[in-house]
Amino acid sequence: MRIERVALYRVAMPLVSPFRTSLGTEYERSALLVRLTTPEAEGWGECVAGADASYSSEYVEGAEDVLRRHLVPALLAAGTVTAPAVAPLLAGVKGHRMAKAALEMAVLDAELRTHGMSFAAGLGAVADHVPSGVSVGIMDSVPELLDAVAGYLDQGYVRIKLKIEPGWDVEPVRAVRERFGDDVLLQVDANTAYALRDARHLARLDPFDLLLIEQPLDEEDVRGHAELARRIRTPVCLDESVVSARSAADAIALGACQIVNIKPGRVGGYLEARRIHDVCAANGVPVWCGGMLETGLGRAANVALAALPNFTLPGDVSASDRFYTTDLTEPFVLRDGGLDVPAGPGLGVAPLPDVLAEVTRSVAELRG
Ligand code: OSB
Ligand code: MG
C-alpha cells in the first residue's frame, strides 16, 4: 500500500458526565485521530493518550508531536507498507506505544478496507456480538453510586466495574453487593492507588466475590502484584503493567496476574494486542478488552478485538452513550447486554462529517 498523506485531527468530545478515577477527573475527551489516505482507501486510527500523563507517560500533545516529527515521516518515507510492517518500521523510536498504535490502526483499517475485510475477520474474531461491561467512576456519595449502577443494570450492562481508591473501596463494594445481590458480575479497578502494605486492607474485599481487582499497585511493581496475589483471594488483573506480549508473559510467569486487561493503545496496537491474547491463551489466562473512552472509531476496533476466543470476560466495551451524547461515528447501541461486532470493511464505521467538523480543534497534514 502506498500512503499519499496522513492528517492528524485533534478533537474535543464532551463527556455526558465527569469520569473520576484514582488518577483524576476527566470532563471531556481530548482525542487525536489519524486519517490516512492511499490510492485505494482511507484508514482511520484513534490515539488513546489522555489530556495529561496520569495514566501513562503518554499524553495527547506528546503523541501528536512524536507522530508529526518522527512516526509519520518514517511511515511516509517507507514508500509502501503493510500493517504488520508498521511496528518494525517504527521500532527506531522507543516507547510512544499509544502514538504508534494509532498509526498502525489507520494502516490496518485502510488495508482491510482495500480488501473488503472487516477488522473482526482480519484479527480472527469468532463472535458477532460481545458482552458489555461498564466502568463506573468514583462518586461523591454511595447513594449517587447506587443510582448510577442501577441505571447501567437497567440498560442491560452485564458487568459492573467500580473505580476504587483508598477511602472509596470496601464501602462502595459492600453497598453495591447489598443492593444488587451476589449475581451481578462485579470487579474493581484501582489504577495503581495502593501499595503492598495495603494487602490486609485489600483482603477485606475477599468476601464480596469480585471477578478481579485491576492494577492495585504501581505499574512497575510486578513482584508486588505477585506477592499481593498470594495474600488476597480476589484474582489480580493487570492493566498498566502490561505493555507488550513480552511483559505479559513475564507477569504471568511471575504469578503477578491471573487475568489480563488488553488495551491496544497501551501495548502499541491491535497486532500486539492479539499477540498478548495468544500468549495469555497459551497460559490459560483469560483476557478482557479495556477501554480508554474511545470514540466510535476506537470502539469499533475494540469490539472486533473483544470477539477473539480468549476474551472470556466482558470488556469495557460500553455503548457510545455511556460517554457521549453524540458519537463521532454512527453510535454503538446496547443490545441484549452487548454490542454487535461491525461486519463492514475495515472498522465498519467512519466519522460522520458534520460531527467531525463540530469537534475538530485543529488538523495537521503530512505528505510523502
Ligand atoms: O484503567 O481502565 C482504566 C479510562 C481512562 C484511563 C484508564 C482506565 C479507564 C477506564 C475507561 O476504565 C473504561 C472505558 O473506556 O469504558
Ligand atoms: Mg484499568
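None of the values given here were measured: they were computed from a predicted structure. Indexing begins at 1, ligand by ligand and atom by atom, following the structure's order.
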Once salt bridge (Lys or Arg N to Asp or Glu O under 4.0 Å) is applied, do any residues pair with E165, and if so which ones, sequence neighbours excluded?
R20
R200 meets the salt bridge (Lys or Arg N to Asp or Glu O under 4.0 Å) criterion, sequence neighbours left out, with none
If only protein N, O or S atoms under 2.8 Å count, total around the Mg ion (ligand 2):
3
Is L33 reachable from V363 through a run of hydrophobic residues whose side-chain heavy atoms are each under 4.5 Å from the next?
yes
For ligand 1, find each of its N or O atoms that sits under 3.5 Å from a protein N or O atom, and tabulate the pairs with distances to one decimal place.
{"from": "ligand 1", "atom 1": "1 (O)", "to": "K163", "atom 2": "NZ", "distance (Å)": "3.0"}
{"from": "ligand 1", "atom 1": "1 (O)", "to": "D189", "atom 2": "OD2", "distance (Å)": "2.9"}
{"from": "ligand 1", "atom 1": "1 (O)", "to": "N191", "atom 2": "ND2", "distance (Å)": "2.7"}
{"from": "ligand 1", "atom 1": "1 (O)", "to": "D239", "atom 2": "OD2", "distance (Å)": "3.1"}
{"from": "ligand 1", "atom 1": "1 (O)", "to": "K263", "atom 2": "NZ", "distance (Å)": "3.3"}
{"from": "ligand 1", "atom 1": "2 (O)", "to": "K161", "atom 2": "NZ", "distance (Å)": "3.0"}
{"from": "ligand 1", "atom 1": "2 (O)", "to": "D189", "atom 2": "OD2", "distance (Å)": "3.4"}
{"from": "ligand 1", "atom 1": "2 (O)", "to": "K263", "atom 2": "NZ", "distance (Å)": "2.9"}
{"from": "ligand 1", "atom 1": "12 (O)", "to": "S135", "atom 2": "OG", "distance (Å)": "3.1"}
{"from": "ligand 1", "atom 1": "12 (O)", "to": "K161", "atom 2": "NZ", "distance (Å)": "3.3"}
{"from": "ligand 1", "atom 1": "12 (O)", "to": "K163", "atom 2": "NZ", "distance (Å)": "3.1"}
{"from": "ligand 1", "atom 1": "15 (O)", "to": "M292", "atom 2": "N", "distance (Å)": "3.2"}
{"from": "ligand 1", "atom 1": "15 (O)", "to": "L293", "atom 2": "N", "distance (Å)": "2.8"}

Where does the angle between the aromatic ring planes of Y9 and W44 fall among parallel (under 30°), tilted (30 to 60°) and perpendicular (over 60°)?
tilted
Pair R159 + D316, salt bridge at N-O below 4.0 Å
yes
I'd like to know if R69 and D65 make a salt bridge, using a cut-off of under 4.0 Å between side-chain N and carboxylate O.
yes
Which of K263, E46, E294 passes side-chain hydrogen bond (donor to acceptor under 3.5 Å, both in side chains) with N302? It is E294
Take L32 and E61 through the test side chain to side chain contact (heavy atoms under 4.5 Å, CB included) and record every step on the way to the result.
CA-CA 9 Å; L32 174 63; E61 284 89 359; over 6 Å; no
Establish, yes or no, whether a centroid distance under 6.0 Å links the rings of F119 and Y270.
yes
